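Notes follow once the structure below has been shown.
What you see is a predicted model, and the numbers here were worked out from it, not measured in a lab. Just so it is clear: chains get the letters A, B, ... in the order the sequence lines come, proteins before strands, and each one is counted from 1.
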There are 2 protein chains.
Amino acid sequence: MPKLALKLSLKGPEAEQPDRWEAQLRKGAVEMAALASLWQGRLYGLEIIRYLETHSQMALAEGTIYPVLNRLKTEGLLTSEWVEAEAGHPRKYYSLTDAGRERLREMAKAWTSFANGLSRLLEPVLNEKEKTQ
Amino acid sequence: MPKLALKLSLKGPEAEQPDRWEAQLRKGAVEMAALASLWQGRLYGLEIIRYLETHSQMALAEGTIYPVLNRLKTEGLLTSEWVEAEAGHPRKYYSLTDAGRERLREMAKAWTSFANGLSRLLEPVLNEKEKTQ
DNA sequence: GCACGATACATTGTTATCCGAGGTAATAAG
DNA sequence: CTTATTACCTCGGATAACAATGTATCGTGC
């Protein structure tokens with residue numbers, strides 16, 4: 001057996017909708033999440049993925065995180081450095097710059113405001129207080 | 001003066017970034033917001049825009065809302081009916097279907113979970129509790 | 001040595017979405 | 001009849017997530 005790593009997409013005729021919707025929710029929040037994962041210290045790529053999965057139920061693919069990290073690096077929001085591991089492939093550790101820290105603060109505030117607005121909107125739904133028009 | 005309604009995009013060499021980021025945040029949340037605006041009764045297109053702007057600081061363009069409404073209608077989550085206005089152009093009122101109501105409940109739950117995860121992630125940032133690595 | 005698996009980084013193509021810019025229709029006022 | 005207002009609708013560009021795929025490095029078993 002050579003590899004057999006197929007992840008079994010199983011795309012049925014009219015299956016999977018919730019999955020795609022949550023992907024859309026992630027848009028825009030991903031950059032903020034990546035920055036946030038580095039708030040307490042440097043991490044390398046795959047570590048960021050695991051961190052976010054553990055700390056926020058946000059499951060990102062590798063094909064998502066690497067472009068994002070490069071984007072943020074280009075914008076000067078974080079830096080990277082290669083570090084040799086005792087075993088295995090060398091790792092590229094990312095750290096927040098001062099600009100990145102500042103930007104994350106702004107994003108966090110904007111996010112909070114945005115989330116509060118939506119929460120207010122969803123209140124009747126979650127509390128099931130229907131009003132018959 | 002003929003019209004002069006140009007909204008002044010003013011796309012400088014490296015200007016406007018915060019605006020585009022918030023647009024990304026909106027992706028995915030828009031469908032939910034549109035459904036939520038109809039929870040308490042029917043509204044027509046422009047009214048939905050105004051409702052969301054008032055109740056959640058979410059400013060949507062017309063070019064955004066109409067395709068979304070058609071999408072939701074195609075999925076059977078809402079229905080529409082033309083209603084003559086006493087004055088001006090007739091209005092197309094949208095209402096939630098039972099399926100739409102049910103879907104909105106699911107979305108609201110998923111959103112809450114997602115938002116809570118991110119809130120947890122941002123806690124250190126908002127509380128400014130840096131830990132020197 | 002060399003095949004193999006594990007770990008890690010990286011890129012490409014597909015698909016979905018927001019929204020600016022533009023258009024149409026109906027009514028009312030000048 | 002021209003203009004303004006209100007409303008609905010559509011097209012095209014830009015951006016983003018991510019599945020699939022590829023590359024590089026090291027350790028282990030033979």
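Spacing between atom CZ of A:Arg26 and atom C1' of D:dC18 amounts to 10 Å, rounded to whole angstrom units. Following rounding to the nearest Å, B:Leu69 (CG) and C:dC18 (P) show an atom-to-atom distance of 11 Å. D:dA24 atom P lies 16 Å from atom CD of A:Glu84, rounded to whole Å. Between the P atom of D:dT15 and the CD atom of A:Glu31 lies a distance of 12 Å, rounded to the nearest Å. For the pair B:Arg71 CZ and C:dT17 P, the computed distance is 5 Å after rounding to whole Å. Rounded to whole Å, the distance from CG on A:Leu43 to C1' on C:dA8 is 14 Å. For the pair A:Ile65 CD1 and C:dA10 P, the computed distance is 12 Å after rounding to whole Å. Across the protein-nucleic acid pair, A:Arg42 atom CZ and C:dA8 atom P stand 14 Å apart, rounded to whole Å.
Cation-pi geometry between B:Arg91 and B:Trp82 is not met: the NZ or CZ atom fails to fall both under 6.0 Å from the ring centre and inside 45° of the normal.
For A:Ala23, taking side-chain heavy atoms from C-beta onward, the closest of the listed nucleotides C:dC19, D:dA7, D:dC18 is D:dC18. Considering only side-chain atoms of B:Pro90, the nucleotide from D:dA7, C:dC19, C:dA26 that sits closest is C:dA26. Minimum atom distance to the side chain of B:Gln24 is reached by D:dA16, of the listed D:dC18, D:dA16, D:dC8. Nearest to the side chain of A:Tyr94, among D:dT25, C:dA8, C:dA10, sits C:dA10. In the set C:dC18, D:dT10, D:dA17, the nucleotide with an atom closest to the side chain of B:Lys27 is C:dC18.
Projected onto DNA chain C by closest heavy-atom contact, B:Ala61 and A:Thr64 fall at different nucleotides, the more 5' of which corresponds to A:Thr64. Where A:Val68 and A:His89 each meet DNA chain D at their nearest nucleotide, the meeting point lying more 5' is that of A:Val68. Toward the 5' end of DNA chain C, the nearer of the two residues B:Gly28 and A:Arg91, judged by each one's closest nucleotide, is A:Arg91.
The phosphate of C:dA8 has OP1 or OP2 within less than 4.0 Å of a side-chain N or O from A:Tyr44. For the OP1/OP2 pair of D:dA16 and a distance below 4.0 Å, the side-chain nitrogens and oxygens of B:Arg20 include no atom meeting the criterion. Checking the phosphate oxygens (OP1, OP2) of C:dT11, no side-chain nitrogen or oxygen of A:Tyr66 falls inside 4.0 Å.
The CE atom of A:Met32 sits 13.5 Å away from the CZ atom of A:Arg26 when rounded to the nearest 0.5 Å.
Residue B:Glu62 places no side-chain atom within donor-acceptor reach of the base of C:dC19, judged by atom type and a 3.5 Å distance cut-off alone.
A:Leu35 and A:Gly100 make their closest contact through CD1-O, 4.4 Å (heavy atoms, listed as atom of the first residue, atom of the second, distance).
Judged by distance alone, the side chain of A:Ser113 and the main-chain N or O of A:Lys109 form no donor-acceptor pair under 3.5 Å.
Ring geometry for A:Tyr44 versus A:Tyr93: interplanar angle over 60°, hence perpendicular rather than tilted (30 to 60°).
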